[in-house]
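Comments concern the structure below.
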Amino acid sequence: MQLTPLQQKRVDELLAKMTLEEKIGQMNQLSPSLVGGFDVSFEELIEMAMDGKISQEELHQKFENAERDYQEDNIRAGLIGCVMLQDPGKYNELQKIAVEESRLGIPLIIGFDVIHGYRSVYPIALAEAGAFDPDLFRRTAHMAAKESRTQGISWHFAPMIDVGRDSRWGRVSEGPGEDPYLASRFAEAKIHGLQDGAYEDAKDGTERRENYVAACMKHYVAYGAAESGRDYNTTSMSISQLHNVYLPPFKAATEAGAASAMASFNDLNGVPCTVNEYTLRRTLKERYGLKGFVVSDANAIRECIDHGIAADRYDAARQAANAGMDMDMGTSIYIEELKNAVERGDVSMEVIDEAARRILSVKMWLDLFDHPYITEEAMHRYDKLPQEHVALTLEAAKKSIVLLKNDEKVLPLKKDQKISLVGSLAASPSEIIGAWAMSWKGEDCVSILDGFKNAGADVKYFACGGPDREINDDEIAQAASFGDVIVAVVGETTAMSGEAASRADTTLPGKQRELLEKLLATGKPVVTILMNGRALALGWEAENLPTLIEGWQLGIQMGNAIASVVFGDYNPTGKLAASFPYVTGQLPIYYNHTSTGRPAGKFKFTSKYIDAPTEPAFPFGYGLSYTTYQYSDLTVEESVEAFTAKVKVKNAGNVAGTETVQLYMQDVTASLVRPVKELKGFTKVALAPGEEKEVALTLKKADMGFYNNDGEYVREDGKFRLFMGGSSAETLMQELDVRF
Ligand code: BGC
């Protein structure tokens, strides 16, 4: 986010005119409260839902029907700076009050959760990260920015860039997986996609301002390390771990110009991230140089009282503001308490000025002052989904699919084979969407069943079971008698991942394993497609299913994308962004674990389990294709600034394919125990059948260090290893003696 000198000047002039209340008003985000239309009070309703007396669906319906309080009087008084909203009509109405009826006419900024697409929903981040394709990450984000901006949304609560190593945590679905390097490339690409439209004219004739939004990287920080994988839970780690694993994506996103950040719910080493001066002020703002502002997560400032850190609302407001928290999401705590805190000298005027300046700067950069309203034309621009958007969601979906097993070469299927498509997820047009997408339309969604039909397959659907269903033996018998092959779609419903959806058992939920056993027992070939929002525990599946595709939740084009892989129109290229364990008890599991004094081996007294393997069922970076790739001749060249690793990759099969070549490093002798491998680069190579190419990846010497426990980046001479290969577990290796 880069303001012009003129924009800076306008922010300064405005600030000079503002009262203390108006400045605090900018720091106040309204999540409209539900006020009327209920048969019981709002509090009673929530209690009924918590006690299970009404279902989540009923609750949702009641929310939909309720009246909302947008606090128009407070907007008019300049006491609200931001509203969470997705309603273009309401947007113009509220904006008019802010711009034309408030004293200084400061426009509202509208924030919303646009996590993996607006109307054009593309794969969940955990899946998309597996495409290992920064240009794709950028393009999908840009599409989401364009679509949402026509609805008045100019601030995305995205990208979610929490490193997640424990897939019990439901929110792993929202983020780019277990690796800090891949997550950093994902993070910066998303920032560029969301924001860079600000710096060049659009090629499609739309206004420049309609081509970008402000990003909000979240959740800052270490939320993915929530103890036991339980959402909102405590996190505890060394400073070196924080800087080496959890901070890098946020550093990369800030350097790419991220306009804002959202603090996470968790405490970190005893200090909630909402009031954490070390992470917010000292690291994000002073060290990384965030130019925009920081917002709390929903209700999180108030929750500092429940954390036992703040005595009351006043104390929570004081601590948050002083730590560098610029905006309060949804509690009114700032608007109620901060004026008092400034008058009593508990919060300085500089703190308030800084927060207001940061927020106004983002609004100025978004061009909201000069163009606060959205036009009728813009509102309806995407009423019909453009073909390019459909094509991009399809491309992203195809690139995110990971072929896990194809032992008997059953895949690709032929279109003249009779297919029994099994599992309730297969016919669902909504379960393909995944968590945290709220703006999709049913008419755009292509279920797997629809995708197979579109591909011209001879397919019949038999539910037979599902994640939340009983097994139907009659349907299994029918499926077995109709199909030459059974394609079973199993996995999780959307509600089983995302926020507040941690699972203590990460195997296939319900009776789906039993369903698969019964399908295998029919004797027909079984192709299994997973549709899920986390790395599942797949021990049984890895052993018993010959043909397995990780299909994730791929968004609106999922059905067409899966069909293109199943029928061989697209040769899979996706790799896993998270390791899949055999059993849940292996969690947290990740390839880049540190070396132990007793690495797992045959001997009893080594670091392992007596009842499960130590390695994952499917490791990070793994993914097959319809051809095979052979790696040979790894060489490493040194220059003053860098090492360049080169390897020969050959397509040893008879179909064309694209391989993701990965470069890993190990710092073998260091002053802190270092990971056994760390991803340091990747690239794609397209190979015709029989073709061999040399692939080079460069590792800058500047990137061969690590953070110590003082949070300093150090590089140490000594022995290093470089690895290249097609997954974190299958690599060639070269040892180096490095003097920096
Ligand atoms: C989530 C955030 C989200 C916010 C606003 C919170 O519960 O943790 O990720 O952006 O709600 O919807």
Inset, instruction - Taking salt bridge (charged side-chain N to carboxylate O under 4.0 Å, His left out) as the test, write out the residues that go with Arg165, two or more places apart. - result: none

How far does [atom1] of [X] sit from [atom2] of [Y], to the nearest 0.5 angstrom?
X      : Y      : atom1 : atom2 : answer
Asn211 : Asp204 : CG    : CG    : 6.0 Å
Gln95  : His371 : CD    : NE2   : 13.0 Å
Arg10  : Leu3   : CZ    : CG    : 10.5 Å
Leu736 : Leu722 : CG    : CG    : 4.5 Å

Has [X] got a side-chain atom pairing as donor or acceptor with [Y]'s backbone, closer than 3.5 angstrom?
X      : Y      : result
Glu716 : Ser671 : yes
Asp328 : Ala320 : no
Asp231 : Glu499 : no
Thr283 : Tyr288 : no
Ser264 : Tyr220 : yes
Ser332 : Ile335 : no
Ser296 : Met329 : yes
Gln7   : Thr4   : yes
Gln319 : Ile309 : yes
Arg208 : Ala198 : yes

Legend entry - Electrostatic pair Glu277:Arg282 at N-O distance under 4.0 angstrom: yes

Legend entry - Note: Glu22-Arg103 ion pair, threshold 4.0 Å (strictly below): yes

For a quick check under 3.5 Å, do [X] and [Y] share a side-chain donor-acceptor pair by atom type?
X      : Y      : value
Ser728 : Gln662 : no
Glu147 : Ser120 : yes
His219 : Asp162 : yes
Lys684 : Thr660 : yes
Tyr118 : Gln86  : yes

Inset, instruction - Please lay out, stage by stage, how Asp703 and Lys680 fare under the test salt bridge (charged side-chain N to carboxylate O under 4.0 Å, His left out). - result: CA-CA 8 Å; Asp703 296 332; Lys680 287 289 178 182; over 6 Å; no

Inset, instruction - Go through the steps for Cys82 and Ile110 under the test side-chain contact (heavy atoms from CB on, under 4.5 Å), then give the verdict. - result: CA-CA 6 Å; Cys82 169; Ile110 303 298; over 6 Å; no

Legend entry - Residue pair Asn28 / Leu79: nearest heavy atoms and the distance that separates them: ND2-O, 2.9 Å

Inset, instruction - Identify the two heavy atoms, one from Trp365 and one from Ala214, that lie closest to each other, and give their separation to 0.1 Å. - result: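 Shortest heavy-atom contact: CZ3-CA, 3.9 Å.
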
Inset, instruction - Decide yes or no on salt bridge (charged side-chain N to carboxylate O under 4.0 Å, His left out) for Lys190 and Glu128, but give the supporting numbers first. - result: CA-CA 11 Å; Lys190 288 293 176 198; Glu128 196 191 16; 2.9 Å; yes

Legend entry - Single hit among Met327, Met262, Lys285 for side-chain contact (heavy atoms from CB on, under 4.5 Å) with Val294: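 With Val294 as partner, Met327, Met262, Lys285 yield a single side-chain contact (heavy atoms from CB on, under 4.5 Å), made by Lys285.
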
Legend entry - More than 12 heavy atoms of other groups within 6.0 Å of Lys251 NZ: no

Inset, instruction - For Glu641, look at atom CD and say whether over 12 heavy atoms of other residues, nucleotides or ligands are found less than 6.0 Å away. - result: no

Inset, instruction - List the steps and the verdict of side-chain hydrogen bond (donor to acceptor under 3.5 Å, both in side chains) for Asn266 and Thr235. - result: CA-CA 7 Å; Asn266 56 290; Thr235 59; 3.1 Å; yes

What about [X] and [Y], are their ring centers closer than 6.0 Å?
X      : Y      : result
Tyr232 : Trp169 : no
Tyr664 : Tyr591 : yes
Trp436 : Phe157 : no

Just wondering, do [Y] and [X] contact through their side chains at under 4.5 Å, heavy atoms?
X      : Y      : result
Val11  : Gln8   : no
Leu392 : Tyr122 : no
Lys218 : Asp113 : yes
Ile305 : Arg313 : yes
His142 : His192 : no

Inset, instruction - Just do the side-chain contact (heavy atoms from CB on, under 4.5 Å) check on Val362 and Ser260 with the steps written out, would you? - result: CA-CA 8 Å; Val362 174; Ser260 73; 5.5 Å; no

Inset, instruction - Evaluate salt bridge (charged side-chain N to carboxylate O under 4.0 Å, His left out) for Asp326 paired with Arg357, printing each intermediate quantity in order. - result: CA-CA 10 Å; Asp326 303 306; Arg357 177 190 303 281; over 6 Å; no

Can a cation-pi geometry be assigned to [X] and [Y], taking NZ or CZ under 6.0 Å from the six-membered ring centre and within 45° of the ring axis?
X      : Y      : result
Arg185 : Tyr181 : yes
Arg149 : Tyr212 : yes
Lys677 : Phe723 : yes

Inset, instruction - Report the C-alpha distance between Asp346 and Tyr314 in whole Å, list the side-chain angles of each, state the deciding distance to 0.1 Å, and finish with yes or no for side-chain hydrogen bond (donor to acceptor under 3.5 Å, both in side chains). - result: CA-CA 10 Å; Asp346 284 338; Tyr314 177 89; 2.6 Å; yes

Inset, instruction - For Ser240 and Asn708, run side-chain hydrogen bond (donor to acceptor under 3.5 Å, both in side chains): C-alpha distance rounded to whole Å, both residues' side-chain angles, the deciding distance at 0.1 Å, then the answer. - result: CA-CA 5 Å; Ser240 101; Asn708 65 19; over 6 Å; no

Inset, instruction - Might you work through the side-chain contact (heavy atoms from CB on, under 4.5 Å) test for Phe112 and Ser439, ending with a clear yes or no? - result: CA-CA 10 Å; Phe112 200 68; Ser439 316; 4.0 Å; yes

Inset, instruction - Test Met665 against Met704 for side-chain contact (heavy atoms from CB on, under 4.5 Å), laying out the working first. - result: CA-CA 8 Å; Met665 181 196 94; Met704 292 176 74; 3.9 Å; yes

